[in-house]
Protein chains: 2
Amino acid sequence: MKSYNESCPIALALDVIGDRWTLLVLRELLVQGPCRYTDLANGLPGIATSVLADRLRSLEDAGLIYRESAPPPVATTLFHLTAKGRDVEPILVTAGRWAVEHLDGPAPDSEFRIHWLPFAASFYLRGHEAAGLPLSIQLETPVGSGVVEATVDGVRSRVGTVPAPDLTLTGMPDGIIRLLSGASTPEEARNEGLTIDGDIEVLAGFTRDAVS
Amino acid sequence: MKSYNESCPIALALDVIGDRWTLLVLRELLVQGPCRYTDLANGLPGIATSVLADRLRSLEDAGLIYRESAPPPVATTLFHLTAKGRDVEPILVTAGRWAVEHLDGPAPDSEFRIHWLPFAASFYLRGHEAAGLPLSIQLETPVGSGVVEATVDGVRSRVGTVPAPDLTLTGMPDGIIRLLSGASTPEEARNEGLTIDGDIEVLAGFTRDAVS
DNA sequence: CGGCATCCTCTTTGATACTG
DNA sequence: CAGTATCAAAGAGGATGCCG
């Protein structure tokens with residue numbers, strides 16, 4: 001993309017991360033960890049392969065990612081985030097919080113990937129009161145599972161399962177999001193088809209962003 | 001722009017604010033307040049007028065801004081932010097902080113507008129210790145003046161002057177930014193041509209973002 | 001003058017096909 | 001698997017014209 005050629009830091013940032021698809025490529029690397037080219041393509045429905053190749057080159061040139069020629073058994077190129085790339089996470093989180101506060105939910109026919117769910121869920125869950133840590137929430141949907149874990153180090157999320165979660169939410173992804181966001185109460189969520197197993201009180205322990 | 005059509009909140013946000021120029025239009029309205037069309041065009045060097053008109057329409061449709069047909073003496077259209085639009089400020093601030101931490105400074109020939117300076121300066125200055133509030137820093141450059149003011153309500157910045165600032169920094173914009181960012185010490189800044197009048201200690205009272 | 005709309009050229013994207 | 005090649009369509013940039 002053409003540079004804005006401004007001295008403002010916002011414009012400088014957008015020169016690097018403002019291209020179409022760029023922030024979503026970084027999202028994939030943040031939530032999936034090191035990725036193969038095809039892992040990225042699968043997590044970015046609709047991207048043209050030439051565009052993905054271009055963005056990866058730009059991000060590498062800008063020092064946000066690097067390539068590793070992984071030895072067997074991987075035997076392929078892996079794309080990793082650098083510290084500079086990892087540090088865009090707060091930008092994504094801030095944008096995600098804004099979206100869940102101000103925007104309508106996704107369209108009914110929109111694309112969904114299970115590895116997005118725990119990241120989206122984490123937008124609602126910040127630090128956690130020290131009491132009861134560590135704790136974990138298991139998310140179960142027809143299209144896959146995710147975990148949100150709170151430790152003294154903060155809140156992390158990932159795809160997969162955890163042995164003995166403190167709370168398990170089973171249902172459609174949007175129902176889970178609505179519950180975590182406070183858009184629906186536990187009772188409403190149950191009525192909408194969500195199954196809640198375990199200690200619902202752990203949710204209250206997560207300090208929500210003050211939406212003032 | 002074509003929607004990403006993803007259920008991920010990040011993608012939903014980018015559907016609204018991910019277009020080229022869109023975040024910079026919002027920056028202008030945040031730092032300048034309500035703007036006329038030409039105010040915006042002047043603060044966005046390089047934007048095509050058709051693109052600006054298009055972005056304003058999109059932002060209005062998305063509910064981030066609204067138009068006011070201002071009566072005389074203004075007698076023209078003013079573009080205002082809505083609450084939804086004002087709430088993108090944290091995204092801009094996060095992006096700006098990332099830029100000042102990780103990116104090189106602006107190119108020597110890059111565009112500069114005085115009203116960007118106090119906003120950029122505020123990226124470095126967050127809350128302030130209660131002692132000594134309110135206080136103010138006057139920024140003086142060959143191309144204009146700005147003020148950063150800290151009160152119990154937080155840190156705000158604006159174009160203009162303040163009667164009796166606690167600290168006055170006179171010099172080139174990038175030298176001021178370098179001092180505020182900690183990239184240069186007060187002694188180095190003086191050697192680079194910056195004039196520091198008043199109590200340099202007020203800077204130390206600002207709590208910098210812990211860089212990890 | 002302020003707020004666009006039009007026209008034109010150039011670049012970027014999206015979709016698909018193909019290759020080492 | 002990790003791209004490159006190709007091409008049509010959409011968007012951006014620049015100039016100018018219009019209309020209150």
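Throughout, protein chains are lettered first and strands after them, A, B, ... in sequence-line order, and every chain is numbered starting at 1. If you're wondering where the values come from, they're calculated on a predicted model, not measured in any experiment.
Between R27(A) and E89(A) no salt bridge is recorded (no basic side-chain N to carboxylate O distance below 4.0 Å).
Between T38(A) and dA2(D), a side-chain N or O to OP1/OP2 separation shorter than 4.0 Å is present. Checking the phosphate oxygens (OP1, OP2) of dA10(D), no side-chain nitrogen or oxygen of R20(A) falls inside 4.0 Å.
M1(B) has its CE atom 9 Å from the P atom of dG11(D), to the nearest Å. We find that CD1 of I65(A) is positioned 13 Å from C1' of dA2(D), with the value rounded to whole Å. In this structure, CD of E60(A) is placed 14 Å from P of dA2(D), rounded to the nearest angstrom. Across the protein-nucleic acid pair, Y37(B) atom OH and dG20(D) atom C1' stand 16 Å apart, rounded to whole Å.
Residues forming a ring-ring contact (aromatic ring centres under 6.0 Å, His included) with H102(A) (at least two apart in sequence, or on another chain): W98(A).
Residues from residues 41-53 of chain B lying near DNA chain C, meaning a heavy-atom separation below 4.0 Å, are T49(B), S50(B), A53(B) in numerical order. The stretch residues 26-35 of chain A has no heavy atom under 4.0 Å from DNA chain D, so no residue of it qualifies as close. For DNA chain D, none of the residues of residues 5-18 of chain A falls under the heavy-atom distance limit of 4.0 Å.
Taking a 6.0 Å sphere around CG of D61(B), one finds it holds more than 12 heavy atoms contributed by other residues, nucleotides or ligands.
Taking five base pairs at each end of the helix from dC1(C)-dG20(D) to dG20(C)-dC1(D), the local helix axes there meet at an angle of 30°, rounded to 10°.
Checking side-chain atoms of T22(B) against main-chain N and O of I17(B) turns up no donor-acceptor pair under 3.5 Å.
When distances run from any side-chain atom of R55(B) to the nucleotides dG11(D), dT4(D), dG3(D), the shortest one goes to dG11(D).
For DNA chain C, the contact window with chain B, defined by any atom under 4.0 Å from a protein heavy atom, covers dG2(C) to dA15(C) in 5' to 3' order.
Between R57(A) and Y4(A), the residue anchored closer to the 5' end of DNA chain D is R57(A), taking for each the nucleotide with the nearest heavy atom.
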